[in-house]
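Please read the structure below before turning to the comments.
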Amino acid sequence: MAMNKYNPIQQFCGMSIIKVITILSLIGLPSLVHAQGDGPRFYWKGLVGMNAFPVIGTSQSGNANPMDPAHTVNPGSEFLATMLMPGYARVFPLFNRSAMASIIVPMGRISSDIKVNGLTSTQTASGFGDPMLQFGINIVGPKAIKSIPDMLRYKPKFSLDVIGSLAIPIGEYDSESQVNIGQHRWYGRIGLPVVCQLGKWVPGKRTTLELLPAVWFFGNNNNYSGQTLETKPMFQIEGHLTRDFMEKLWGSLDFIWYSGGESKVDTLTVPQLNNAGIGITLGYQINDNMQLMIAYTSSINDSEPEDLKMDSFRITFICGWHKLIEGMHRLKGKD
């Protein structure tokens, strides 16, 4: 029997599916594009059981290896990296809170003109980098979202998570080269992502202030051109002011700041960072399961040779999938 156009289930599917998927596809991943950070809206909460498959493409240039999370500055040098980073993330409940596990794997090419003692040499590196694992759990905010009605009622208000990231040092590494995609050492971070809802939570009018303070920790690289590279912890804070322009289009003003991370190679010391960057992000919901984001970030206080100089352009494509949402698609398509 044909379904009447006023059937309440049909109406529910038609009215809510865009609102549900818009939030579901904004799922967070550890970003190896360290000059840009994780990005805006990456710590909004999704329906448990949600799967996300991101692909991140980046182009970065500056005076530090973009794949080195410590941003060790080499004054007078130029690095250019073109990277592709596929990943996977899943949302699940833990102690009735929303938790997420994810992995991202970098691959691509870095070329450089490195200046040492007045001499410039050209070096390149290509292949796979260090995979990064991340686990995060919400500790303040809405409880785990386990149903479509709960998803529709979702409002972040004030949300606080705890995240831990760890890079596995199995990427391409050449001890004779100063330019590598893999870093030949363990490194990771601990962070506290915060999402603050500003005003009403209505698709097309949503506004958030988001902060991510984090501390990076670095193991030693005991084969850095035959020497030992040591790096002290580095503090990072990332901020975003996001706003919906339309139901499917949103933007963000972005800020990132680094402090610390003093490095030492045997007796040579590289000063700690105290640098900031600003940028913008645009996000667009292509359809019920796919979203596209474009972001640009540039360093600002970089007038001295020892300052971190970095320009980053990033395109992120995310495909989200959940069996409940696919069921809604099928139900909506019935006659």
Side-chain angles (χ1 to χ4, degrees), residues 30-39 56 58-83 85 104 106 108 110-116 123 125 129-130 132 165-167 169 171 173 177-191 212-221 224 229-239 254-265 268-279 295-314:
S31 175
L32 289 179
V33 192
H34 304 296
Q36 288 184 301
D38 286 15
I56 304 170
T58 72
S59 176
Q60 296 187 99
S61 61
N63 61 358
N65 182 347
M67 297 309 297
D68 175 11
H71 303 300
T72 304
V73 173
N74 194 324
S77 299
E78 291 288 338
F79 295 82
L80 176 62
T82 303
M83 306 297 297
M85 290 169 278
I104 194 164
I110 303 174
S111 59
S112 66
D113 291 323
I114 296 180
K115 190 173 183 179
V116 179
Q123 300 183 28
D130 301 324
M132 179 170 277
S165 307
L166 180 66
Y173 183 78
S177 176
Q178 292 181 295
V179 179
N180 284 284
I181 293 181
Q183 300 304 303
H184 195 60
R185 62 175 175 176
W186 296 89
Y187 59 90
R189 65 174 177 174
I190 297 174
L212 172 53
V215 179
W216 287 87
F217 300 94
F218 308 93
N220 291 346
N221 180 346
Y224 185 78
L229 170 65
E230 303 176 35
T231 304
K232 293 182 179 180
M234 181 183 71
F235 177 75
Q236 169 190 325
I237 186 165
E238 179 182 343
D254 309 321
F255 172 82
I256 194 165
W257 174 61
Y258 303 99
S259 178
E262 178 183 280
S263 295
K264 182 179 179 181
V265 181
L268 176 64
T269 299
V270 179
Q272 68 177 19
L273 295 176
N274 185 20
N275 295 97
I278 58 174
Y296 174 76
T297 302
S298 180
S299 54
I300 49 176
N301 57 333
D302 56 6
S303 58
E304 299 298 325
E306 296 78 16
D307 292 336
L308 175 65
K309 299 178 177 64
M310 191 70 70
D311 289 283
S312 305
F313 178 77
R314 174 169 67 191

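- Partners of Phe255 under the ring pair (Phe, Tyr, Trp, His ring centres under 6.0 Å) rule, at least two apart in sequence or in another chain, do not exist in this structure.
- Partners of Asp254 under the side-chain hydrogen bond (donor to acceptor under 3.5 Å, both in side chains) rule, at least two apart in sequence or in another chain, are His240, Ser252, Thr281.
- In this structure, the separation between CZ on Arg189 and CE on Met132 is 6.5 Å, given to the nearest 0.5 Å.
- For the residue pair Thr297 and Gly277, the shortest heavy atom distance occurs at CG2-C, 4.4 Å.
- Between Asn180 and Met67, the closest side-chain pair of non-hydrogen atoms is not below 4.5 Å.
- Here the straight-line distance linking atom CD1 of Ile190 with atom CG of Leu166 works out to 10.5 Å at 0.5 Å rounding.
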Can Lys264 and Val270 be said to form a side-chain contact (heavy atoms from CB on, under 4.5 Å), step by step? CA-CA 6 Å; Lys264 182 179 179 181; Val270 179; over 6 Å; no

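- Contact annotation: the side chain of Leu229 approaches that of Ser263 to within less than 4.5 Å [non-hydrogen atoms, C-beta and beyond].
- What you find for Gln183 and Pro69 is that their closest heavy atoms are CG-CD, 4.3 Å.
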Intermediate values then yes/no, side-chain contact (heavy atoms from CB on, under 4.5 Å), Leu80 and Gln60: CA-CA 6 Å; Leu80 176 62; Gln60 296 187 99; over 6 Å; no

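- Every side-chain hydrogen bond (donor to acceptor under 3.5 Å, both in side chains) that Ser77 has, sequence neighbours left out, goes to Asn74.
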Quick one, Ser298 with Ile278, criterion side-chain contact (heavy atoms from CB on, under 4.5 Å). Give me CA distance, side-chain angles, the key distance, then yes/no. CA-CA 6 Å; Ser298 180; Ile278 58 174; 5.8 Å; no

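- Scanning both residues, Val215 and Pro233, for their nearest heavy atoms gives CG1-CB, 4.2 Å.
- Atom CH2 of Trp216 is separated from atom OG of Ser165 by 6.0 Å, given to the nearest 0.5 angstrom.
- The nearest pair of heavy atoms linking Asp130 to Ala167 is CB-CB, 4.3 Å.
- Between Leu308 and Tyr258 there is a side-chain heavy-atom pair separated by less than 4.5 Å.
- In this structure a side-chain-to-backbone donor-acceptor pair under 3.5 Å is missing from Asp311 to Gly62.
- Considering only heavy atoms from C-beta on, Tyr224 stays 4.5 Å or farther from His184 through its side chain.
- For the pair Thr231 and Ala70, the tightest heavy-atom approach, listed with the atom from each and the gap, is CG2-CB, 3.9 Å.
- The OG1 atom of Thr58 lies 10.5 Å from the CZ atom of Phe313; values are rounded to the nearest 0.5 Å.
- Lys232 is linked by a salt bridge (charged side-chain N to carboxylate O under 4.0 Å, His left out) to Glu262, counting only residues two or more places apart in sequence or in another chain.
- Side-chain atoms of Pro213 and Phe235, non-hydrogen and from C-beta on, do get closer than 4.5 Å to each other.
- Atoms OG and NE2, from Ser299 and His71 in turn, are 10.5 Å apart once rounded to the nearest 0.5 Å.
- Listed by chain and residue number, Glu306, Asp307 satisfy the side-chain contact (heavy atoms from CB on, under 4.5 Å) test with Glu304 (two or more places apart in sequence, or in another chain).
- For Ser112, the side-chain contact (heavy atoms from CB on, under 4.5 Å) partners are Phe79, Ile114, Gln123, Val179, not counting sequence neighbours.
- Distance alone, capped at 3.5 Å, is enough to place a donor-acceptor pair between the Asn63 side chain and the Lys309 backbone.
- In this structure, Trp257 and Gln236 have side chains that are not in contact, with every pair of non-hydrogen atoms separated by 4.5 Å or more.
- In this structure, Asp113 CG and Glu78 CD are separated by 7.5 Å, a value rounded to the nearest 0.5 Å.
- Although no hydrogens or angles enter the test, the distance criterion places no donor-acceptor pair under 3.5 Å between the side chain of Arg314 and the main chain of Ala295.
- At least one side-chain heavy atom of Ile110 sits less than 4.5 Å from a side-chain heavy atom of Asn65.
- Nearest heavy atoms, Gly182 versus Tyr173: O-CD1, 3.4 Å.
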Start with the C-alpha distance between Asp38 and Leu212, add both sets of side-chain angles, then the distance that settles side-chain contact (heavy atoms from CB on, under 4.5 Å), and finish with yes or no. CA-CA 9 Å; Asp38 286 15; Leu212 172 53; 3.8 Å; yes

